[in-house]
Structure formats: C-alpha cells, structure tokens
Amino acid sequence: MTSITEREEASPSIYISDEWSAAAGLVAYDSTTSPPPIALVCGPKNCGKTTFSRYLLNILLQRYKRVGYLDTDVGQPEFTTSGFLSLTVVDKLTPDLTIPCLKTPERCFFFGDVSSKRDPTTYLKCIFTLYDYYRKEYCKSDSPVKNEMPLVVNTHGWVKGVGYDILVDMLRHIAPTHVVKINITSERKNLPAGKFWLDDGYDGQVNLIEINSARQDSFNRSVLIQKDACLLRDLRIMAYFRQCFPSNLNITTIKELANALASHPPYQVPISSIKIRHLHSQVPHTEVFYSLNATIVGLAVSSKQPENIPWCVGLGIVRGIDTFKGLLYLISPVPLILLEKVDLLLQGFIHIPTCLLQCNFVFTSEYFSSATACLSVGMANYAMGMTRLRMPLA
Ligand SMILES: Nc1ncnc2c1ncn2[C@@H]1O[C@H](COP(=O)(O)OP(=O)(O)OP(=O)(O)O)[C@@H](O)[C@H]1O
C-alpha cells in the first residue's frame, strides 16, 4: 500500500557541519544588524538550500519569537504545494528537519507552474510584492521593535542563464543583510565567486557567507541527493487535500484518500459569481469548462487594481460543472469564511496526481449536463453563494 507521508526517504538524518552551524549563528546573532536579519540562501540544485533554510529557521527561532519565510522555490516550496509563492510566519521549531510540513502562509500567490521559466516577469512580480508586503508589515521604521521579524528567503537551484538573471534581480530588489551561498565541489555548477549580484561601485553593507554542501564523501566531494521531484509534488498535493478531513479520521493510503475525496460533499459555486483565468495558456471561450473540469485550481481574490496580481487563499479540485444549473462543484480544505471572498479561479499546470485518479477518484468525462445534476443543494445562502452540498457527487 502506498502511503501519503512526506518523509524524505533518501535522507534519514540531517548532518549539520561546523561550517553550517557557524553560518546560521552568524546570521542569527550578528550584532552589526540592529534590525533583524534578512537572509537569502542560494546555490546550485540539490546543494542543501532548503535543508539549511529549515535549520536557520530553527536557530533564528531561538532568538526571535517568529520568523518570516519567503519561499521563491516554486517547484518544491517548503510549506505549500508546488505552484505557490508565499510568505509564511513561523513561530514553532521544526522538530524533525527531514519532514517538510504544510503551513498556511500569511500571503501567497498561485503562480501555477513548477518553474519560473514560462513567465519570469510575473514570477518576479509575485516575489517583489510578497517582499514589499513583508517590509510594510514587519519592518516599518515607526513600528515597535517587538513587531520586527527576521526573514529567510529560500531560492531555486536554477543558477545558470535566465535562472541566474532572475536570482540577480531578486537579490537586488530584496537587498538582504546576509547572503548564504552554498557551494558544491563541481565548481562550474556554482554561482560566481564573491558578491556577484552587485555593481562594482556598490558600497552598501551585506554579509556574504560562503559554505559548502554539508554531505561529502571521504574525498571531500559533495554528495548530492537527487530528489524525486514529481513524487514529492504529488505527495504534497495529497497532503494538502487530506486536510479536507479531520486528522483523527483514518486516511493513510492513497486509496483511502481517493475514496474519501470521492465521497466528500463539495462546495457548490454559482458560475456567475466567479471569473476564470488561465495562467500560462489561452483557452477558447467554448472550451473553458472542458478545460476546468477535473483539475486543480487556485482560489483567488481579485484585486481592485487590475494591474495587481490577485492574492490566493488555497487550492480546489473542480469536481464537476453543471452548466444547466450554473453551478461548479469544488472540493477544498479552505474554510468557508475565506472561500466567501474568492471570486477568481486560476488554472495553471498543477495537476491532480495520477495515482489519485487511478484509485476510484472518478470524474464525469465531460462537465455535467442537466441530466446528471440532480443533487440536493446546501442549506444556507452565503455572500458569495458558496454552499456545501449534502450529498457527494461520486
Ligand atoms: N546537511 C544535510 N544532511 C543530510 N541530508 C541533506 C543535507 N543537505 C541536503 N540533504 C539532502 O539532500 C537533498 C537535497 O537537499 P535540499 O532539498 O535541501 O536541496 P536544495 O538545494 O534545496 O534543492 P533544490 O535545488 O532542488 O531546491 C535532500 O534529500 C536533503 O535531505
């Protein structure tokens, strides 16, 4: 039986080298930064950025009550499913550094893809907006010291070509107090030496801390563990939708989750009250519902200023669409109070895991026609018209 637990199988224990420990201490206890530190962690793929960021979070939490975490690794984010860019406020130590866990971010955007490649401009706009939000809320010059919060920025491992340019833009906008650059022994894969993102004449203060990946063999060569990114993404999506059910309900296998989701009463959403946006593709008007059925969508709240990217409150699975009744059926763990604000569904390239679809979690092959949609409707009429059905759609 396949489990939906997320433990990173390849790394049973985390090794913290003296160098890593010193680097984290330097960030957390640097007396030269009177406002709390803003630390950006960068380096090539699989060098240990996420592991170090997790460790740094714990060290910072020994000094500060809470720490912000700006996650720019859209393919394998720390606290959300892939496709999200987010700012999360963490106030509890992570007891086991090998287990990533889901947290509700303070603010997030649904970018809708596992790489920034397709749209670097929007990707950067999301990150800059999240960072500006952090500065506004937690670094105000007139705010009491107790409201100030350090920030850890984890970055993607795409450090060549456009990926490098994106990283440089990010570093310039964020202007961190500390940059932790992780190197591996294959030098050509590393970022350039020194403060590579700064112009020559720059005289501002930044602490560059260069460390090596922690895992090395007996010849001091980096040992990089290749993660099964697709599997980890699928597990994360399943862990996310597992939240639709109480934690004491016995759902530990993929099959159990598929069955539970199949019999879970969905929310019904009046189609007239929502807009639909395709993030990275164009869909002909006549095909919109076909493209949406049986997919994962970002649940967003549109902004009054059209140029702003809409904030997102979570994900939903479109379980069926009844065009006759004008209703869309949605499964989501997002609480109703937040769902009431949602007026925009974002469709990207984040898909329902195939293993879930293979296990009974069936959809109508086309969206609902009037004949199939004879379902009892919910009791209350909420502001957005989102109500929970009494019956499952299976
Ligand atoms: N210090 C360490 N001790 C044990 N395992 C480690 C350590 N550092 C990294 N690893 C393992 O190596 C793998 C890659 O690490 P991690 O995910 O932190 O790298 P990354 O640089 O964030 O990767 P990516 O570039 O894909 O975002 C993981 O399986 C992780 O558990």
Side-chain angles (χ1 to χ4, degrees), residues 5-25 27 39-60 69-86 88 90 94-102 111 113-117 123 127 152-164 166-168 170-171 179-191 209-218 220-236 239:
T5 315
E6 277 192 277
R7 183 182 284 273
E8 290 182 4
E9 290 151 46
S11 55
S13 63
I14 297 296
Y15 167 64
I16 303 297
S17 63
D18 290 347
E19 203 182 28
W20 275 36
S21 158
V27 174
L40 183 143
V41 183
C42 55
K45 245 189 129 23
N46 290 320
C47 67
K49 295 178 295 297
T50 308
T51 310
F52 182 81
S53 302
R54 252 179 233 167
Y55 171 66
L56 178 59
L57 257 183
N58 273 0
I59 299 296
L60 284 165
Y69 193 91
L70 176 54
D71 207 331
T72 72
D73 187 357
V74 76
Q76 284 158 60
E78 180 65 358
F79 299 122
T80 63
T81 59
S82 53
F84 277 101
L85 295 161
S86 61
T88 304
V90 184
T94 307
D96 184 342
L97 293 175
T98 61
I99 307 180
C101 57
L102 284 165
F111 180 70
D113 203 352
V114 296
S115 161
S116 54
K117 256 185 209 134
Y123 171 82
I127 291 168
V152 175
V153 186
N154 187 20
T155 58
H156 56 70
W158 182 28
V159 295
K160 300 289 166 188
V162 179
Y164 173 79
I166 291 174
L167 184 64
V168 167
M170 220 189 285
L171 275 155
V179 174
V180 180
K181 186 157 56 130
I182 306 182
N183 294 319
I184 57 173
T185 38
S186 173
E187 277 177 27
R188 64 188 175 83
K189 293 189 178 160
N190 285 334
L191 281 159
I209 305 167
E210 301 217 29
I211 57 176
N212 293 304
S213 59
R215 288 179 62 124
Q216 303 198 331
D217 64 13
S218 51
N220 289 342
R221 289 176 307 205
S222 302
V223 177
L224 302 184
I225 299 169
Q226 200 77 26
K227 290 171 289 187
D228 185 341
C230 288
L231 175 70
L232 289 173
R233 280 181 204 129
D234 282 358
L235 288 173
R236 190 45 83 87

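Both counts, for ligands and for their atoms, begin at 1 and track the order of listing. Owing to the predicted nature of the structure, the values given are computational and were not obtained by experimental measurement.
- Between the SG atom in C230 and the CG atom in L235 there is a gap of 11.0 Å [rounded to 0.5 Å].
- Contact analysis puts S13 in contact with ligand 1, with a non-hydrogen atom separation below 4.0 angstrom.
- In this structure, the side chains of P44 and N190 come closer than 4.5 Å at one or more pairs of heavy atoms.
- With ligand atoms numbered from 1 in the order given, ligand 1 contributes 1 (N), 2 (C), 3 (N), 4 (C) to contacts under 4.0 Å with heavy atoms of Y15.
- Rounded to the nearest 0.5 angstrom, S21 OG and I16 CD1 are separated by 8.0 Å.
- The two residues T155 and V41 have their closest heavy-atom pair at OG1-O, 2.6 Å.
- The closest donor-acceptor contact from the side chain of T72 to the backbone of N154 lies under 3.5 Å.
- Between T155 and ligand 1, not a single N/O pair is under 3.5 Å apart.
- Heavy-atom proximity to K45, at under 4.0 Å, picks out these atoms of ligand 1: 25 (O), 26 (O).
- Considering T88, V180, L70, L60 in turn, L60 is the only one that fulfils the side chain to side chain contact (heavy atoms under 4.5 Å, CB included) rule with V152.
- The shortest N or O to N or O distance between D73 and ligand 1 is under 3.5 Å.
- Taking distance alone, with nitrogen or oxygen atoms compared against 3.5 Å, I14 stays at or beyond that limit from ligand 1.
- With no hydrogens or angles considered, no side-chain donor-acceptor pair links D71 and S86 at under 3.5 Å.
- The shortest N or O to N or O distance between K49 and ligand 1 is below 3.5 Å.
- Ring-plane geometry between H156 and Y123 is classed as tilted, the angle between the planes lying from 30 to 60 degrees on a 0 to 90 degree scale.
- Checking only distances, C47 does come within under 3.5 Å of ligand 1, N or O to N or O.
- Close approach of ligand 1 to G157 (heavy-atom distance below 4.0 Å) involves ligand atoms 25 (O).
- Distances between N or O atoms of W20 and those of ligand 1 include no value under 3.5 Å.
- When I16, N46, V41 are checked for heavy-atom proximity to atom 14 (C) of ligand 1, N46 turns out nearest.
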